[in-house]
Amino acid sequence: QVHLVESGGGLVQPGDSLKLSCAASEVTLNYYAIGWFRQAPGKEREGISCISSDVDGNTYYADSVKDRFTISRDNARDTVNLQMNNLKPEDTAIYYCAMIGDIVVTSCGQYNQNEYNYWGQGTQVTVSS
């Protein structure tokens with residue numbers, strides 16, 4: 001069983017930055033497509049970014065985070081990170097990482113949430129002055 005663990009959440013002010021990390025102990029994340037999702041209070045969970053598992057490592061960003069968030073792999077630590085800059089109050093949510101197992105994903109933006117096999121427990125991000 002794969003267990004994903006998110007870290008790096010916290011309470012920050014508008015305009016601040018945070019870096020979230022996704023790690024797993026049973027698999028090498030570098031081989032799999034990883035997505036970041038978030039769920040705000042009273043809202044449905046939304047996909048905000050992902051990185052594909054092919055050699056190109058194609059990425060996807062939702063319009064709401066484009067140009068502010070950056071997804072990347074840290075191969076040395078075997079983590080997938082989400083650098084979040086210029087945070088806004090509307091970014092407040094629980095952030096989850098998830099993994100698509102068993103297949104090579106070349107364009108992760110085409111996959112919906114139901115196609116992610118493994119999920120972390122989430123980390124809270126609160127943006128407030």
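Just so you know, these numbers come straight off a predicted model, no measurement behind them.
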- request: Applying salt bridge (charged side-chain N to carboxylate O under 4.0 Å, His left out), name anything that partners D63, two or more places apart in sequence or on another chain.
  value: K66
message: The criterion is salt bridge (charged side-chain N to carboxylate O under 4.0 Å, His left out); which residues satisfy it with D74, sequence neighbours excluded?
response: R77
- request: Each residue besides V55 in its hydrophobic cluster should be listed here, by chain and number; the cluster joins Ile, Leu, Val, Met, Phe, Trp and Tyr at side-chain heavy-atom distances under 4.5 Å.
  value: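 Cluster partners of V55: none, it stands alone.
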Please round to the nearest 0.5 Å and tell me the distance separating atom [atom1] of [X] and atom [atom2] of [Y].
X	Y	atom1	atom2	result
E6	T79	CD	OG1	12.5 Å
L87	T92	CG	OG1	8.5 Å
W36	M84	CH2	CE	8.0 Å
T106	D56	OG1	CG	9.0 Å
I51	C97	CD1	SG	13.0 Å

Please set out all donor-acceptor pairs under 3.5 angstrom arising from side-chain atoms of residues 18-31, sequence neighbours excluded.
from	atom 1	to	atom 2	distance (Å)
S21	OG	N81	OD1	2.7
E26	OE1	H3	N	3.1
E26	OE2	H3	ND1	3.1

By side-chain contact (heavy atoms from CB on, under 4.5 Å) - contacts of [X] (at least two apart):
X	answer
S17	Q83, N85
Q110	S107
S52	D54, N58, V105, C108

Nearest heavy-atom neighbours spanning [X] and [Y]:
X	Y	result
Y96	R45	CD1-CD, 4.1 Å
S129	P14	N-CD, 3.7 Å
A62	G47	CB-O, 3.7 Å

Heavy-atom neighbours of N112 CG exceed 12 at 6.0 Å: yes
- prompt: CD of Q121: more than 12 outside heavy atoms within 6.0 angstrom?
  reply: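 At most 12 heavy atoms, drawn from other residues, nucleotides or ligands, come within 6.0 Å of this atom.
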query: Would you say V12 and I94 are hydrophobically clustered, going by side-chain heavy atoms of ILVMFWY under 4.5 Å?
result: no
task: May I ask whether V2 and V80 are part of the same hydrophobic cluster, defined by side-chain heavy atoms of I, L, V, M, F, W, Y residues being less than 4.5 angstrom apart, directly or through others?
output: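 Shared cluster, yes.
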Pairs in or reaching into [range]: which pass ring-ring contact (aromatic ring centres under 6.0 Å, His included), with residues at least two apart or in two chains?
range	value
residues 101-129	F37-Y116, F37-W119
residues 41-85	none
residues 6-27	none

Donor-acceptor contact present, side-chain T123 to main-chain G9, <3.5 Å: yes
query: Does Q13 reach the main-chain N or O of V127 with its side chain, forming a donor-acceptor pair under 3.5 Å?
result: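 Side chain of Q13 to backbone of V127, a donor-acceptor pair under 3.5 Å: no, none is there.
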message: Listing request: all salt bridge (charged side-chain N to carboxylate O under 4.0 Å, His left out) pairs with a residue in residues 111-129, at least two apart in sequence or in separate chains.
response: none
field: Pairs involving residues 89-114, ordered by first then second residue, that meet salt bridge (charged side-chain N to carboxylate O under 4.0 Å, His left out) (sequence neighbours left out)
entry: R38-D91, R68-D91
query: D67 versus N86: any side-chain heavy-atom pair under 4.5 Å?
result: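 The answer is no, as the side chains (C-beta and beyond) never meet within the 4.5 Å cut-off.
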